[in-house]
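No experiment lies behind these values; they were computed from the predicted model shown. Proteins get letters first, then strands, A, B, ... in listed order; numbering begins at 1 in each.
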Amino acid sequence: MSETEAENTETASDFIRDVVREDLAAGRHDGIVTRFPPEPNGYLHIGHAKSICLNFGVAADFEGRCHLRFDDTNPVKEELEYIESIQEDVRWLGFDWGENLYYASDNFEQLYEWAVHLIGAGKAYVDHLSAEEMREYRGTLTEPGTPSPHRERSVEENLDLFQRMRAGEFADGTCVLRAKIDMASGNINLRDPVLYRILNAHHPRTGDAWHIYPNYDFAHGQSDAIEGVTHSLCTLEFADHRPLYDWLIENLPVNARPRQYEFARLNLTYTVLSKRRLMQLVQDGHVKGWDDPRMPTLSGLRRRGVPAAAVRDFAGLIGVTKSDSTVDMALFDHCTRDLLNASAPRRMGVLRPLKVVIENYPEGETEMIEAANHPQNPDMGSRQVPFSRELYVERDDFMEDAPRKFFRLTPGREVRLRYAYFVTCQEAIKDASGEVVELRCTYDPETKGGNSPDGRKVKATLHWVSAEHGVPAEVRLYDHLFMREDPGADGDFLDDLNPDSLTVEASYVEPALADAEVGTPVQFERQGYFCADPDSKPGAPVFNRTVALRDSWAKQKKK
RNA sequence: UGGGGAUUGGUGAAAUGGUAUCACGCUUGACUCUGAAUCAAGUAUUGGAGGUUCGAAUCCUCCAUCCCCAGCCA
């Protein structure tokens, strides 16, 4: 299945690849160059992964190259920590930018020269309108704007002013450099957009060398041109910027002619994918950090145990279009399960333990039971699991008054303990409050290994852990971060936070898991996929549930 | 009568005038030492109305709905 998906991904076709194919056929380019251009002001999330897979994927499909470029034009919001995490995450996702690591800030000097060029051509001017005034002069969506009183300043005066802006003579906000385009344009981005603003701030890379910084519009397209990017792929909200992107490219002596194409950003059910909201979740402590396993960040997914290949498969399956859409989280979970099902070794872990005593099993005896690491893949071998008189099974695997469809333990019923024996429940012991605290069972020694010589069948097979040999483990179960598919659709998104997004269980796992390697996926049979968390201590593992197994009994129960 | 973009099953996509295809999800059944996996079946006349055509999801006209834009953010 995942092989098929991988093939689909490789032969992916979408409107962007169609454009690239046509451009190549028409001989418009010698080679294809794309770029992933994050602003280092937050951690990458699965929405970015869509863009990363697209940009690197297109480059790979057409034997071109994809750059990693930091759009670091706003020192007020950007940090080195983000520059580092972004590189780590892109690498983890499986992509390599080789030598092609760039920063918009590397182009600051060139960008400054081009701004001077624009001024010289009478196509840019320094404006002293305040931010509020500028908003008023800009007009509204339905009414044209009014020219700034400074719009017709002489080239000389503009040159002098702009030079002094660079020199640091002015305080933040006192003036800006604007392009002189069309104050009456229906496209507000063309109503003399700001190109440079004064920011007396320390930049993570250029330090205090600059007092003015180009904004996105003046840095992005020109950086594309400088790097020789042929296809500049961005999300839909930038479509309105394309005329400005083109205007700048046309009016500047750039050496290349990149083209911008827009695609729809990813929306996912039961989560949020906006930097502002993710930042808020982290800063207000609703999650434990950017890499909290409940977060849709790449670092969160990684910590939870999601394989990078699952993210890539997902990106391939959702496609690339121009229509707004919200993808079902279930599809992402499917991609994760699909990969892990094939690769994760099987183990036994009892999440919510219920003590079982096998009354007719000799006291003090322990025997080793052979268990396959992957029933469908014998090449993965097997391990020995200790079995003894006292065990733990899952609380949910016992019901005193079982409905017809319940196949598991109930008084008088025989079930199989996986790879071990058939056992029959004789009695449920309760505490003073009436809660079942222990099961008394008997086993059939003839069924060793899990099969009955007389051919009798059981309806259920349960996982188990020997009480004496089991390793206590903290198991963290994650559920959707939000209770609704569309958090914040009617009100504050924080009100939709799922109070049960994290459940911690005191569990027992089989001895083979005592020193599980952090991040390495395993399947706890009948439960889901897990991996050890960095919080693990030697002999005291902590597990994250990556994703639960599909559970048709749970669905049945809801009816 | 501001500008831009979009509309195919519950969800995401494909079909580029020639019998609406795929994936996920859901439902049912088979199988099963994981109620998993696997296997089988079911699950839309393409936003609406006209028109062009032998033939329309694709072309034309009108209508409707949704998304984005008025940062010295990206």
**OP:** Would you please confirm or rule out a distance under 4.0 Å between OP1 or OP2 of B/rG35 and any side-chain N or O of A/Lys459?
**Re:** no

**OP:** Ignoring backbone atoms, test whether A/Arg337 places a side-chain nitrogen or oxygen under 4.0 Å from the OP1 or OP2 oxygen of B/rU38.
**Re:** no

Mind checking the [atom1] distance from [N] to [M]? Whole angstroms is fine.
N: B/rG25; M: B/rC59; atom1: P; value: 33 Å
N: B/rA64; M: B/rC73; atom1: C1'; value: 35 Å
N: B/rU11; M: B/rG2; atom1: P; value: 31 Å

**OP:** List the steps and the verdict of salt bridge (charged side-chain N to carboxylate O under 4.0 Å, His left out) for A/Arg17 and A/Asp61.
**Re:** CA-CA 9 Å; A/Arg17 276 173 244 248; A/Asp61 287 358; 2.5 Å; yes

**OP:** Could you state the atom-to-atom distance from CD1 of A/Ile318 to C1' of B/rA13 in whole Å?
**Re:** 10 Å

Subject >> Whole-Å gap separating P (B/rC68) and CD (A/Glu262) >> reply: 16 Å

Original post:
Pick one: which of A/Asp551, A/Asp397, A/Asp396 meets side chain to side chain donor-acceptor pair (under 3.5 Å) with A/Arg526?
Top reply: A/Asp397

Subject >> side chain to side chain donor-acceptor pair (under 3.5 Å) partner of A/His220, the single match among A/Asn215, A/Thr73, A/Asp71 >> reply: A/Asp71

Original post:
Where each pair must be Watson-Crick or G-U wobble with both distances under 3.5 Å, what dot-bracket representation of RNA chain B is obtained, with crossing pairs in [ ] and other-strand partners as |?
Top reply: .((((((..((((....[..))))((((((.......))))))...(((((..]....))))))))))).....

**OP:** Give a yes or no answer on whether the side chain of A/Ser452 reaches the backbone of A/Asp454 with a donor-acceptor pair at less than 3.5 Å.
**Re:** yes

**OP:** Specify the residue among A/Lys275 and A/Leu549 whose closest nucleotide of RNA chain B lies further upstream toward the 5′ end.
**Re:** A/Leu549

Subject >> Nearest-nucleotide comparison on RNA chain B, the residue closer to the 5′ end among A/Thr321 and A/Ala239 >> reply: A/Ala239

Original post:
Which heavy atom in A/Trp464 sits nearest to a heavy atom in A/Pro386, and how many Å separate them?
Top reply: CZ3-O, 3.2 Å

**OP:** For residues A/Arg265 and A/Leu273, report the shortest heavy-atom separation together with the two atoms involved.
**Re:** NH2-O, 4.5 Å

Original post:
Which way is the base of B/rG29 turned, syn or anti, if we draw the line at 90° from 0?
Top reply: anti

Subject >> A/Asp444/A/Arg456 ion pair, N-O < 4.0 Å >> reply: yes

Can you identify which nucleotide, out of [options], has its nearest atom closest to the [X] side chain?
X: A/Leu236; options: B/rA74, B/rG5, B/rU34; answer: B/rG5
X: A/Glu39; options: B/rC73, B/rU27, B/rG2; answer: B/rC73
X: A/Thr461; options: B/rA6, B/rA37, B/rU34; answer: B/rU34

Distances for protein N or O near nucleotides 63-67 of chain B N or O, under 3.5 Å:
unit_1 : atom_1 : unit_2   : atom_2 : d
B/rC67 : O2'    : A/Asp324 : OD2    : 3.3

Original post:
NA contact type, A/Leu129, heavy-atom cut-off 4.0 Å: base, sugar-phosphate, or nothing?
Top reply: base

**OP:** Tell me yes or no: between the side chains of A/Arg259 and A/Ser232, is some donor less than 3.5 Å from an acceptor?
**Re:** no

Original post:
Using 30° and 60° as the class limits, which term best fits the ring planes of A/Tyr112 and A/Phe162: parallel, tilted or perpendicular?
Top reply: parallel

